[in-house]
> 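Would you mind keeping the following structure in view while I ask a few things?
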Amino acid sequence: MELTIVKGIPIPERLGQQSIRDSKTCVAIEECGEPIRSVTGLSLRIQSYPYYQKLGFKAALTDCYVREGVAKRLVDAAEHLPKGYSLIIWDGWRPYELQQELYDRYRDTLISQGWTDGEALKQEVTKFVALPSVNPDQPAPHLTGGAVDLTIAGPDGWLDMGTEFDEFCPKARTRYFESLENPTPAEAAVRENRRLLFHVMREAGFTNYQEEWWHFDYGNPRWAAQKDVQPIYKGILTLQEQKID
């Protein structure tokens with residue numbers, strides 16, 4: 001797939017079956033037993049950039065880890081990028097402690113902005129940061145090893161995607177720039193960059209979380225809800241639970 005092929009093809013309004021089956025609905029997970037592995041060394045066109053570790057989060061890891069099936073599909077997505085482009089992996093499997101740290105920090109940020117404790121606050125927080133869970137059968141997406149946060153680098157560096165990673169705002173929605181009637185040249189360029197990321201990842205078998213252009217899933221309950229299939233990845237509480245390749 002070349003850049004000219006995805007150029008001009010909009011990101012679809014409906015990203016899957018999520019309106020039919022909510023990803024938070026408890027559906028039995030048929031764990032497939034795939035191991036966790038580092039993304040380092042997967043491909044010359046895949047780079048690990050553990051964002052949370054570089055930001056100084058206490059529970060962050062020094063590398064990015066994903067399930068074997070996710071790793072294979074990342075390689076496939078990278079190979080379909082234009083020449084000179086690569087995938088930058090920001091986060092994959094995320095330990096419970098880091099999920100809690102992210103949840104608490106964003107919750108505290110909203111409270112400092114005037115939100116009051118209650119159900120509305122919880123819903124706003126979980127729009128961007130999943131509720132931490134130590135239940136392997138009801139995991140947060142990243143706890144499964146089936147969620148990945150990433151972007152694309154080109155010959156001149158990381159592509160402009162319109163927001164920073166984890167910039168929780170309306171512009172972070174995957175289709176935000178599709179909705180602009182008269183985009184500026186800069187906005188049109190961002191729209192094409194998001195389209196490239198979306199299409200190479202979707203062709204590789206991933207689904208996208210509509211609130212975050214950088215978040216893609218495979219094998220976990222959120223992916224299964226969009227595909228209307230059985231999830232195959234339970235939560236993994238520690239890396240020691242599974243073989244690390």
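Just so you know, these numbers come straight off a predicted model, no measurement behind them.
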> Any heavy-atom pair between the side chains of Ile29 and Pro231 that's under 4.5 Å?
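Yes - at least one pair of side-chain heavy atoms lies under 4.5 Å apart.
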> Mind checking whether Trp93 and Tyr233 have ring centres under 6.0 Å apart?
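Not close enough - the centres of the two rings lie 6.0 Å or further apart.
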> Specify the closest pair of heavy atoms between Asn208 and Gln226, including all atoms of both residues, with the distance to one decimal.
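Asn208 and Gln226 have their closest heavy atoms at O-NE2, 2.7 Å.
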> Before accepting this row, confirm whether a basic side-chain N of the pair Arg67/Glu34 lies closer than 4.0 Å to the acidic partner's carboxylate O.
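No, this pair does not count.
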> Is there a continuous path of hydrophobic side-chain contacts, each under 4.5 Å between heavy atoms, that joins Ile9 to Phe177?
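Ile9 and Phe177: separate clusters.
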> When you measure from the side chain of Trp90 to the backbone of Cys64, do you find a donor-acceptor pair of N or O atoms at a distance under 3.5 Å?
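A pair under 3.5 Å: no.
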> For the side chain of Arg175 and the backbone of Pro12, is there at least one donor-acceptor N/O pair under 3.5 Å apart?
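Yes.
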> Indicate yes or no: at least one non-hydrogen side-chain atom of Ile89 is less than 4.5 angstrom from one of Ile46.
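Ile89 reaches Ile46 side chain to side chain.
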> Specify whether His215 and Tyr209 have parallel, tilted or perpendicular ring planes, treating 30° as the upper limit for parallel and 60° as the lower limit for perpendicular.
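Ring orientation of His215 relative to Tyr209: perpendicular.
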> Any ion pair linking Asp149 and Arg94 (charged N to carboxylate O, less than 4.0 Å)?
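Yes, charged N to carboxylate O under 4.0 Å.
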> Between Arg191 (side chain only) and Pro183 (backbone N and O only), is there a donor and an acceptor less than 3.5 Å apart?
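Looks like no, no N/O pair under 3.5 Å.
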> I want to check something: taking the side chain as every heavy atom from C-beta on, are Leu87 and Gln47 in contact at a cut-off of under 4.5 Å?
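A side-chain contact under 4.5 Å is absent here.
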> In terms of side-chain geometry, is the basic nitrogen of Asp117 or Arg107 positioned less than 4.0 Å from the acidic oxygen of its partner?
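Salt bridge flag = yes for Arg107 with Asp117.
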> Using modelled atom types and a 3.5 Å cut-off, is there a donor and acceptor pairing between side-chain atoms of Glu31 and backbone atoms of Lys234?
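Side chain of Glu31 to backbone of Lys234: a pair is present.
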> Is the number of heavy atoms from other residues, nucleotides or ligands within 6.0 Å of NZ (Lys122) greater than 12?
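Atom NZ in Lys122 is not packed in, count stays at 12 or less.
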> Can you confirm whether or not the ring centre of Phe216 sits under 6.0 Å from the ring centre of Tyr218?
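No - the distance between ring centres of Phe216 and Tyr218 does not fall below the 6.0 Å cut-off.
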> Would you kindly say whether Tyr106 and Asp166 are connected by a side-chain donor-acceptor distance under 3.5 Å?
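Looking only at side-chain atoms, Asp166 and Tyr106 do not form any donor-acceptor pair under 3.5 Å.
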> Can a salt bridge be assigned to the pair Arg195 and Glu178 using a cut-off of 4.0 Å between side-chain N and carboxylate O?
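Yes.
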> Indicate yes or no: at least one non-hydrogen side-chain atom of Leu143 is less than 4.5 angstrom from one of Gln99.
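Side-chain contact under 4.5 Å: no.
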> What distance separates Arg73 CZ from Met201 CE, expressed to the nearest 0.5 Å?
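Between atom CZ of Arg73 and atom CE of Met201 there are 11.0 Å.
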> Do Arg173 and Trp213 make a side-chain contact, defined as non-hydrogen atoms from C-beta onward lying under 4.5 Å apart?
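No. Closest side-chain heavy atoms not under 4.5 Å.
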> In this structure, is the centre-to-centre distance between the rings of Tyr96 and Tyr103 below 6.0 Å?
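No: the rings miss the under 6.0 Å criterion.
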> Compare all side-chain heavy atoms of Leu196 with those of Pro82 and state whether any distance is below 4.5 angstrom.
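Sidechains of Pro82 and Leu196: in contact.
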> Return the minimal non-hydrogen interatomic distance between Thr62 and Pro50, and the atom names on each side.
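In this case the closest contact between Thr62 and Pro50 is O-CG, 3.4 Å.
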> Are any non-hydrogen side-chain atoms of Thr109 and Phe168 less than 4.5 angstrom apart?
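Contact flag for Thr109/Phe168 side chains = no.
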> For Leu55, does the CG atom have more than 12 heavy-atom neighbours from other residues, nucleotides or ligands under 6.0 Å away?
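Yes, because the 6.0 Å sphere around CG of Leu55 holds more than 12 heavy atoms from other groups.
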> More than 12 heavy atoms of other residues, nucleotides or ligands under 6.0 Å from CD of Glu119: is that the case?
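Enclosed: over 12 neighbouring heavy atoms sit under 6.0 Å from CD of Glu119.
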> At what distance, to the nearest 0.5 angstrom, does CG of Leu150 lie from CG of Leu197?
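It comes to 5.0 Å.
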> For residues Val39 and Ser48, report the shortest heavy-atom separation together with the two atoms involved.
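Shortest heavy-atom separation between Val39 and Ser48 comes out as CG2-CB, 3.6 Å.
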> Give me the atom names and distance for the closest heavy-atom approach of Pro139 to Thr144.
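Reported closest heavy-atom pair: CG-CG2, 3.4 Å.
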> Stepwise, does the side chain to side chain donor-acceptor pair (under 3.5 Å) test hold for Trp214 with Thr151?
CA-CA 6 Å; Trp214 58 80; Thr151 190; over 6 Å; no
> Using every non-hydrogen atom in the two residues, find where Thr163 and Cys169 come nearest and quote the distance to one decimal.
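Here Thr163 and Cys169 meet closest at CG2-SG, 4.2 Å.
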> Answer yes if Ile152 and Val190 sit in the same cluster of Ile, Leu, Val, Met, Phe, Trp and Tyr residues linked by side chain heavy atoms under 4.5 Å apart, and no otherwise.
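Result: no, two separate clusters.
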> So, is the end of the Lys54 side chain (NZ or CZ) under 6.0 Å from the ring centre of Tyr49 and within 45° of the ring's axis?
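Ring-cation test returns yes.
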> For residues Asp63 and Gln53, determine if any side-chain heavy atom of one lies less than 4.5 Å from a side-chain heavy atom of the other.
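They are not in side-chain contact.
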> Under 3.5 Å, side chain of His80 to main-chain N/O of Val200, donor-acceptor pair present?
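Side chain of His80 to backbone of Val200: no pair is present.
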> Please check if the side chain of Glu101 supplies one atom and the backbone of Ala59 the other of a donor-acceptor pair under 3.5 Å.
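Yes.
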> What is the minimum heavy-atom distance between Thr116 and Leu121, and which atoms define it?
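Closest approach of Thr116 to Leu121: O-CB, 3.4 Å.
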